[in-house]
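Treat the numbers as computed from the prediction; the structure is a model and nothing was measured. Numbered from 1 within each chain, the chains take letters A, B, ... in sequence-line order.
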There are 2 protein chains.
Amino acid sequence: MRILLIEDDTVLGAAVRDQIAADGQSVDWVTRLDVAGDSVRTTAFDLILLDLMLPDGRGIGFLKELRARGDVTPVIILTALDQVSDRIEGLNAGADDYLVKPFDLAELSARIGSVARRYSGNPNPLVSHGALQIDLAARSIHRDGKLVPLTAREWALFEAFLARPGQLLSKAQLEEKLYAFDAEVESNTIEVHVSRLRKKLGSAVIETERGMGYRLGKP
Amino acid sequence: MRILLIEDDTVLGAAVRDQIAADGQSVDWVTRLDVAGDSVRTTAFDLILLDLMLPDGRGIGFLKELRARGDVTPVIILTALDQVSDRIEGLNAGADDYLVKPFDLAELSARIGSVARRYSGNPNPLVSHGALQIDLAARSIHRDGKLVPLTAREWALFEAFLARPGQLLSKAQLEEKLYAFDAEVESNTIEVHVSRLRKKLGSAVIETERGMGYRLGKP
DNA sequence: CAGTCCCCTTCAGGCTGCTGTCAGCTTAAT
DNA sequence: ATTAAGCTGACAGCAGCCTGAAGGGGACTG
């Protein structure tokens, strides 16, 4: 597991680094937020330990920025005792846990293990298709890392395409998928939903075969 | 949990008592050390909140005496003396934690929970989700540091979401979780419980996917 | 055993926003 | 150029969802 330690206190920093190393994890230790910013952009860490009082700014801002970019790397805040509001603010800003200085190194290990375990839970299998990442179990689609919410009908339609990638599907077939036998649709409903899907997922995702039907485009 | 509050300041004492009561704990409030001495001899408390400056002596002495008798009830010191020497003396005398006046009541709740946890065996791992801090083992949730009591059904429901954060869960799936196979629910029970959860935990916690189900919102 | 309290379920009314429909426009094929 | 086929903005209706209120029932107390 790769851990980023952001801490300007050299004594505490060294102690934490050694403790983590003793646990068999690898540590990158930086003492400034700007350096940390570079690190998280170039390396995918599994966990970030963040001190709140640093020479070049407050850690809260760093954390908020991180989350604003959509980064969900777990963060444990290390904070001194008298920063009550900071701690609450930290958790609200998206921290996963906090430790109050001075903390026990064994407790640090425990917290790291806890967070790691929480996040190593088997994630759902992801299907990639071009810029789209599809989590079938969660029914979520990310486009360029951003969540794209689909409505029920849109999902049903998109699922039909995903089930037969590259295969031509006539409107009649699609209607059959979307509407249990009995229901009747007498208009261009499929066209409308395809249009809505393309607007959300990108126009290249579904291709039109004039007179024949639709098919899922190549990634 | 039974808590003994030893504090001679009537304003602060009342505030602390109310806060603890709001957290669902029971409080005994005394203003003198001799009364406190009687209390600890007749009642088994789970936690003692101890002011250091009292009309009939210093709290440190009381604490030392307590420990000398082999009493290991956790003690949190409340002190206006923001002095390192006092803190150290308090901790050396056997205190488990301390709060410097004026302190945040939410912080007090958190500390109480923390101490309680420490003495209930290992510290339980805390899961943070936005403004929520969730103790899965203790089945307790703190929102902005304040305890939010959940009923059995509410917890079962919330747990289902926590198990698969971000994943879409249909009402059918949730019903399966809440009601062992046999039971039948023929109404909008899930909706009602979701509604109650949102009222307690914040409306953004659970998101509705119309026609498909619910999912745990992003922190 | 009566009394009390609180949780759970059910129901009903109100609201939201998805969905199907249509009209007018664009594109492709002949 | 003509025509068929597909695209898309707009909109009304309604299914699905939310929530306050009420009643039943279980657990606890005196």
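Taking the screw axis at each terminus of the helix from C:dC1-D:dG30 to C:dT30-D:dA1 from five consecutive base pairs, the angle between the two is 40° to within rounding of 10 degrees.
For DNA chain D, none of the residues of residues 153-164 of chain A falls under the heavy-atom distance limit of 4.0 Å.
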**Request:** Summarise how protein sits on nucleotides 3-16 of chain D as a single string, 5' to 3': B when a protein heavy atom is under 4.0 Å from the base, S for sugar-phosphate-only contact, - for no contact.
**Result:** -BBSBBSB----BB

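Residue pairs meeting the salt bridge (Lys or Arg N to Asp or Glu O under 4.0 Å) criterion with at least one member in residues 3-19 of chain B, sequence neighbours excluded, are B:Glu7-B:Lys101. Here salt bridge (Lys or Arg N to Asp or Glu O under 4.0 Å) pairs that include residues 146-158 of chain A, with residues two or more places apart or in two chains, are A:Glu154-A:Lys200.
Considering only side-chain N and O atoms, B:Thr189 lies under 4.0 angstrom from the phosphate OP1 or OP2 of C:dT10. Taking side-chain N and O atoms only, B:Thr151 has a distance below 4.0 Å to OP1 or OP2 of C:dC8.
Residues passing the side chain to side chain contact (heavy atoms under 4.5 Å, CB included) test with A:Ser195: none are found, sequence neighbours excluded. Partners of B:Ser203 under the side chain to side chain contact (heavy atoms under 4.5 Å, CB included) rule, at least two apart in sequence or in another chain, do not exist in this structure. Scanning for side chain to side chain contact (heavy atoms under 4.5 Å, CB included) contacts around A:Gln167 gives A:Arg164, with sequence neighbours left out. For B:Asp56, the salt bridge (Lys or Arg N to Asp or Glu O under 4.0 Å) partners are B:Arg32, not counting sequence neighbours. Every side chain to side chain contact (heavy atoms under 4.5 Å, CB included) that A:Arg143 has, sequence neighbours left out, goes to A:Leu132, A:Val148. Among residues two or more places apart in sequence or in another chain, the side chain to side chain donor-acceptor pair (under 3.5 Å) test is passed with A:Glu207 by none.
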**Item:** Working for side-chain contact (heavy atoms from CB on, under 4.5 Å), residues B:Leu4 and B:Ile6
**Value:** CA-CA 6 Å; B:Leu4 175 63; B:Ile6 310 172; 4.0 Å; yes

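Residue B:Ile206 contributes atom CD1, which lies 10 Å from atom P of D:dC18 at whole-angstrom precision. Going from atom CD1 of A:Ile190 over to atom C1' of C:dC22 covers 17 Å, rounded to whole Å.
Checking C:dG20, C:dC18, C:dC8 against every side-chain atom of A:Tyr179, the shortest atom distance belongs to C:dG20.
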Could you pull out every donor-acceptor pair under 3.5 Å between side chains of residues 210-219 of chain A and any protein atom, sequence neighbours left out?
{"unit_1": "A:Arg215", "atom_1": "NE", "unit_2": "A:Gly166", "atom_2": "O", "d": "2.9"}
{"unit_1": "A:Arg215", "atom_1": "NH1", "unit_2": "A:Glu209", "atom_2": "OE2", "d": "2.9"}

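Between A:Trp155 and A:Leu136 the shortest side-chain heavy-atom distance falls below 4.5 Å.
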